[in-house]
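Remember, it's a predicted structure, so these values are computed and weren't measured experimentally. Every number for a ligand or one of its atoms is a count from 1 in the order of the listing. Values below: every heavy atom of this structure, side chains too, minus hydrogens, waters and symmetry copies.
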Amino acid sequence: MKYNYRGMTIYVEKDYEAMSKAAAEMLLSQVREKHDAVLGLATGSTPIGMYQEVVKAYERGEVDFSKVVSYNLDEYYPIQHDNDQSYHYFMKETLFKHINIKPENTHVPSGETKDVEKTSQEYDNAIYGLGGVDLQVLGIGNNGHIGFNEPAPVFAKGTGLVDLTESTISANSRFFASIDEVPKKAVSMGIATIMTAKKVMLMASGKAKAEIIAATILGEITPDVPASALQLHRNVTFFLDEEAAAVLLETLK
Ligand code: PGA
């Protein structure tokens, strides 16, 4: 089902697989329309199914990434890029090594830099210089974070170092041997960086996301729910499965 709410487009799909396919179609269309598209990419468990669909389309010869450029949302800090928990590693293993994107065209914030401020400014300047990415892919944290922009008194502007909240550290500990190994900081694109994207797509799956999806789309625009800033974006599409959409649909129906 497709809904429109205050200029936002919302697709509600039956399950995770259907949501992943619908989201992949949007990303693939972007690359087919513009061969040198600039993609903003996300990590986390939610987009994995979408990336698998993208890889399948590439293997079928339906899409060419040779001119595509990518900028990822975030990276733990500090972390070595060959650490298998880093987002550099995740992107290589999940997507980049399976398609013909050029490694030099892929960008992920550095977890190794000594000068986070300088590299963050360079990262933002590169994105601003492009007039924003063409299509930004987002997941959403249980607390409403996008990238690693956690609930805060004000919206983060540009890319920079952020402290992860207890809720994010605990949610992400499932990927680590123990909670003590989860980095306490990250480098993340800011909300202002994300808002420069020409198009934004946000994916969410499962009932743990149902409340925060409703708050994001229907609630106040507040840095307590960082994703609510997307209500101010001119071109945003949500891909939800029925569980993630359950609370939202109580109001939209
Ligand atoms: P998840 O994370 O896809 O693993 O639920 C989403 C996020 O934290 O942005």
query = Which residues satisfy the ring-ring contact (aromatic ring centres under 6.0 Å, His included) test with Y77, sequence neighbours excluded?
reply = none

inquiry  = Under a 3.5 Å cutoff, is there a donor and acceptor pairing between the side chains of N143 and E150?
reply    = yes

query = Would you say the side chains of N83 and Y76 form a donor-acceptor pair under 3.5 Å?
reply = no

Under a 3.5 Å threshold, I'd like every N/O contact between ligand 1 and protein atoms, with atom names and distance.
unit_1: ligand 1; atom_1: 3 (O); unit_2: S45; atom_2: N; d: 3.3
unit_1: ligand 1; atom_1: 3 (O); unit_2: T46; atom_2: N; d: 2.9
unit_1: ligand 1; atom_1: 3 (O); unit_2: T46; atom_2: OG1; d: 2.4
unit_1: ligand 1; atom_1: 4 (O); unit_2: S45; atom_2: N; d: 2.9
unit_1: ligand 1; atom_1: 4 (O); unit_2: S45; atom_2: OG; d: 2.7
unit_1: ligand 1; atom_1: 4 (O); unit_2: R174; atom_2: NH2; d: 3.0
unit_1: ligand 1; atom_1: 5 (O); unit_2: K209; atom_2: NZ; d: 2.7
unit_1: ligand 1; atom_1: 8 (O); unit_2: H145; atom_2: NE2; d: 2.6
unit_1: ligand 1; atom_1: 9 (O); unit_2: H145; atom_2: NE2; d: 3.4

inquiry  = If we count only N and O atoms by modelled type, under 3.5 Å, do the side chains of S20 and E53 hold a donor and an acceptor together?
reply    = no

query = Do the charged groups of E62 and R60 touch, with an N to O distance under 4.0 Å?
reply = yes

request  = Specify the closest pair of heavy atoms between G141 and K209, including all atoms of both residues, with the distance to one decimal.
outcome  = C-CE, 4.2 Å

